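Below, chains carry the letters A, B, ... as their sequence lines are ordered, and counting in each starts from 1. Just so we're clear, the structure is a prediction, and the values are computed from it rather than from any experiment.
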2 protein chains.
Amino acid sequence: MSQPESTDARPSTTTDATGLADMPDSVAAGAINHAILRVARLHRMLAGQLLRRVGLHPSQELVMMQLWDRGPQRQTDLVRLLGSDAATMTRTIRRLENAGFVRRRPSPTDKRVTIVEPTAASNALRTEVEQVWMDLETSVAEGMTPAQQAEVIEVLGRIEESLARATSQEA
Amino acid sequence: MSQPESTDARPSTTTDATGLADMPDSVAAGAINHAILRVARLHRMLAGQLLRRVGLHPSQELVMMQLWDRGPQRQTDLVRLLGSDAATMTRTIRRLENAGFVRRRPSPTDKRVTIVEPTAASNALRTEVEQVWMDLETSVAEGMTPAQQAEVIEVLGRIEESLARATSQEA
DNA sequence: CACCATTTACTGTCCGAACAAGTAAATCCG
DNA sequence: CGGATTTACTTGTTCGGACAGTAAATGGTG
């Protein structure tokens with residue numbers, strides 16, 4: 001029953017830039033998947049640790065950053081900008097409102113929409129959140145050369161493209 | 001779809017009271033962070049779509065794969081292997097148990113531990129889950145040359161290393 | 001042996017993510 | 001004009017993730 005073949009998630013050194021003639025079990029083992037999951041988990045964990053200091057939960061800072069950068073937004077726009085979910089956004093906005101960082105206002109032209117805007121009180125948060133965001137970016141980029149950082153962005157973009165294609169096909 | 005245009009409401013160069021050092025705009029804008037978040041979200045979304053077909057929720061498949069690969073495990077071991085949380089694991093195991101994929105057995109030598117083992121019924125799942133895992137890996141890797149795939153793994157490993165270092169320091 | 005710190009598992013609570021379903025308003029179209 | 005459809009938002013539910021607190025068992029040390 002047990003399949004002793006390639007239970008290891010990391011081939012670690014397939015880094016021979018030479019032949020690559022073999023199409024190894026890496027796909028079967030899901031090496032890239034595992035790597036993405038580990039990165040995602042660590043990234044979320046670190047972001048959570050940093051955001052806790054400013055009193056926000058992960059994802060709330062993304063909403064605030066959109067509002068700070070782009071000004072008042074409809075909830076639907078926030079959903080679209082963040083690739084989130086309408087139901088989730090409703091609750092996140094409510095919590096941000098209860099925390100005093102956001103205000104909700106009905107649209108005068110369309111009675112369906114509610115416009116979300118950052119409060120003056122939220123401005124105190126802005127610097128802190130941007131500091132957290134920079135700390136996070138620095139933690140990832142530190143120890144990398146600028147060329148490596150550019151490579152990271154390129155590679156992540158490639159993955160994103162693949163995933164977006166697969167997701168849309170799946171839908 | 002690549003450049004988040006970062007409407008600069010502020011020029012991210014020093015002279016503010018926060019004592020921020022000069023940084024490349026890319027760091028201030030958090031380009032890598034954004035990219036990681038997008039990849040993580042898409043990856044989770046796609047995994048969720050695929051896993052739904054086999055009746056599992058994301059992360060449950062990871063527990064099952066550990067059990068299939070390594071045999072019966074203590075909950076603590078599963079937590080450690082998956083980098084998860086003890087509380088989360090308790091509930092995930094309970095759901096897998098209710099679904100009939102897992103059985104729990106008290107350890108004869110240590111009355112604190114419960115040993116989790118896959119049921120015979122779960123074997124039917126195994127092939128499906130492995131297929132999902134391969135589909136997922138294929139979706140990510142497809143359209144990439146083997147060299148690019150190797151580059152992806154290398155880059156993700158580099159990010160993981162940075163994040164792991166930062167996370168441990170933060171703790 | 002007795003005491004105490006550690007380990008293991010569980011529960012409660014709060015949060016985001018996702019799906020389903022429902023309501024109200026706006027828009028489209030015949 | 002009026003019904004059908006689309007849009008915007010909300011609520012209910014289930015899940016993973018994380019923190020805090022608890023209880024029981026274990027293991028080491030005085």
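- Checking dG16(C), dT26(D), dG17(D) against every side-chain atom of T88(B), the shortest atom distance belongs to dG17(D).
- Applying the 4.0 Å criterion to OP1 and OP2 of dA18(C), one finds that Q49(B) has every side-chain N and O outside that range.
- Listed pair R44(B) / dA18(C) fails the phosphate criterion, with no side-chain N or O lying under 4.0 Å from OP1 or OP2.
- With respect to E130(B) and R126(B), a salt bridge is recorded, a charged nitrogen being found less than 4.0 Å from a carboxylate O.
- Taking for each of D77(A) and M45(A) the nucleotide of DNA chain D with the nearest heavy atom, the 5'-most of the two is the partner of D77(A).
- For the residue pair Q49(A) / T167(B), no side-chain donor-acceptor distance below 3.5 Å is found, with atom types taken as modelled.
- When rounded to the nearest whole Å, the span between CG of L51(B) and C1' of dA17(C) equals 15 Å.
- Within 4.0 Å (heavy atoms only), S59(A) reaches sugar-phosphate atoms of the nucleic acid but no base atom.
- Rounded to whole Å, the distance from CD on Q73(A) to C1' on dC9(D) is 16 Å.
- Under a 3.5 Å cut-off, the side chain of T119(A) and the backbone N or O of S122(A) do form a donor-acceptor pair.
- The side chain of R52(B) lies closest to dC19(C), out of dC19(C), dG16(D), dC15(C).
- In this structure, H57(A) and D110(A) both approach DNA chain C, and ranking their closest nucleotides by distance from the 5' end singles out H57(A).
- Put simply, CE on M64(B) is 13 Å from P on dG16(D), counting in whole angstrom units.
- In this model, the phosphate group of dT7(D) is not approached by any side-chain N or O of Q75(A) to a distance below 4.0 Å at OP1 or OP2.
- In terms of polar N and O atoms assigned as donor or acceptor, the side chain of R112(B) never comes within less than 3.5 Å of the base of dT26(D) in a complementary pairing.
- When the side-chain nitrogen and oxygen atoms of Q60(A) are compared with OP1 and OP2 of dG16(C), one or more of them lie within a distance under 4.0 Å.
- dG17(D) atom P lies 12 Å from atom CD1 of I93(B), rounded to whole Å.
- In this structure, CG of L42(A) is placed 10 Å from P of dA18(D), rounded to the nearest angstrom.
- Note on R94(B): only backbone sugar-phosphate atoms sit closer than 4.0 angstrom, heavy atoms only; bases stay farther off.
- For the residue pair T92(A) and Q60(A), no side-chain donor N or O sits within less than 3.5 Å of a side-chain acceptor on the partner.
- Exactly one residue among L78(B), V129(B), L82(B) makes a side-chain contact (heavy atoms from CB on, under 4.5 Å) with L62(B). That residue is L82(B).
- In terms of polar N and O atoms assigned as donor or acceptor, the side chain of R91(B) comes within less than 3.5 Å of the base of dT13(C) in a complementary pairing.
- Note that the OG atom of S59(B) and the CG atom of L51(B) stand 9.0 Å from one another [nearest 0.5 Å].
- Considering only the side chain of R104(A), dT10(D) comes nearest among dG16(D), dG16(C), dT10(D).
- What separates CZ of R74(A) from C1' of dA25(C) is a distance of 13 Å, to the nearest Å.
- Contacts of R41(B) with the nucleic acid, taken as non-hydrogen atoms under 4.0 Å apart, are absent.
- Rounding to whole angstrom units, CG of residue L78(B) and P of dG17(D) are separated by 13 Å.
- Looking at heavy-atom distances under 4.0 Å, A86(B) makes no contact with the nucleic acid at all.
- Atoms CD1 (I115(A)) and P (dC9(D)) sit 9 Å apart, rounded to a whole Å.
- Between T114(B) and T109(A), the one whose closest nucleotide on DNA chain C sits nearer the 5' end is T114(B).
- Mapping A87(B) and T76(A) onto DNA chain D via the closest heavy atom, the residue that lands nearer the 5' end is T76(A).
- T90(A) has no side-chain polar atom (N or O) that falls below the 4.0 Å cut-off from OP1 or OP2 of dC9(D).
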